Amino acid sequence: MKELNMTIDGILKVDTMELPENCVIILSQGKTKVAELPAFAETKIVTHQGQVKRVKWDEGEEF
C-alpha cells in the first residue's frame with residue numbers, strides 16, 4: 001500500500017491519472033493509503049473500534 005499525502009487542512013488531492021486503473025483508497029486515523037486491487041482476490045478490511053487495523057488479500061485465479 002502506498003501512502004497518500006493530505007494538506008495541513010486535511011484536504012486530499014488525488015490525480016486520478018496517476019492511480020492504478022482499479023484501486024481502493026482507505027482513510028483511517030488521519031492517514032490515507034491507496035492500493036491496487038488484484039485481478040482475482042477477496043479483499044478484507046479489518047477494523048477495531050472504528051479504526052482500520054489490517055487490509056488482507058486472499059488471491060486466487062479462475063479455473
Side-chain angles (χ1 to χ4, degrees):
M1 293 184 73
K2 179 182 169 188
E3 193 160 335
L4 296 175
N5 295 321
M6 289 191 290
T7 65
I8 296 171
D9 301 327
I11 298 172
L12 176 65
K13 293 185 179 182
V14 179
D15 183 357
T16 57
M17 298 302 288
E18 293 182 7
L19 292 175
E21 185 175 339
N22 295 302
C23 65
V24 61
I25 296 175
I26 302 172
L27 304 164
S28 181
Q29 304 171 11
K31 297 178 187 174
T32 308
K33 294 188 178 187
V34 63
E36 185 171 2
L37 295 174
F40 297 95
E42 182 176 316
T43 304
K44 294 182 183 180
I45 299 173
V46 180
T47 62
H48 178 71
Q49 296 181 342
Q51 299 175 350
V52 176
K53 290 295 178 184
R54 179 174 293 132
V55 179
K56 298 193 286 188
W57 286 271
D58 183 15
E59 293 189 53
E61 189 170 317
E62 292 285 327
F63 182 71

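The residues of the chain are indexed from 1 along the displayed sequence. Quick note: numbers below take in every heavy atom, side chains included, and nothing from hydrogens, waters or symmetry partners. Since the structure is predicted, the reported quantities are computational estimates derived from the model, not experimental observations.
- Counting heavy atoms from C-beta on, the side chains of Val55 and Val24 never come closer than 4.5 Å.
- In this structure, the separation between CE on Met1 and NZ on Lys31 is 11.0 Å, given to the nearest 0.5 Å.
- Expressed to the nearest 0.5 Å, how far NZ of Lys53 lies from OG1 of Thr47 amounts to 10.0 Å.
- Considering CD1 of Ile26 and CD1 of Ile45, their distance stands at 4.0 Å, rounded to 0.5 Å.
- A distance-only check finds a donor-acceptor pair linking the side chain of Asp15 to the backbone of Met17 [under 3.5 Å].
- Annotation: the span from Glu21 atom CD to Thr16 atom OG1 amounts to 12.0 Å, rounded to 0.5 Å.
- Here the OG-NZ distance, from Ser28 to Lys33, works out to 10.0 Å after rounding to the nearest 0.5 Å.
- Looking only at side-chain heavy atoms (C-beta outward), Val14 and Val34 stay at 4.5 Å or farther from each other.
- In terms of heavy-atom proximity, Ala41 sits nearest to Pro38 at CB-CG, 3.6 Å.
- Every residue meeting the salt bridge (charged side-chain N to carboxylate O under 4.0 Å, His left out) condition with Glu42, not counting sequence neighbours, appears here in chain and number order: Lys44.
- A distance of 10.5 Å separates CE in Met6 from CD1 in Ile11, rounded to the nearest 0.5 Å.
- Shortest non-hydrogen contact noted between Val46 and Lys56 is CG2-CE, 4.0 Å.
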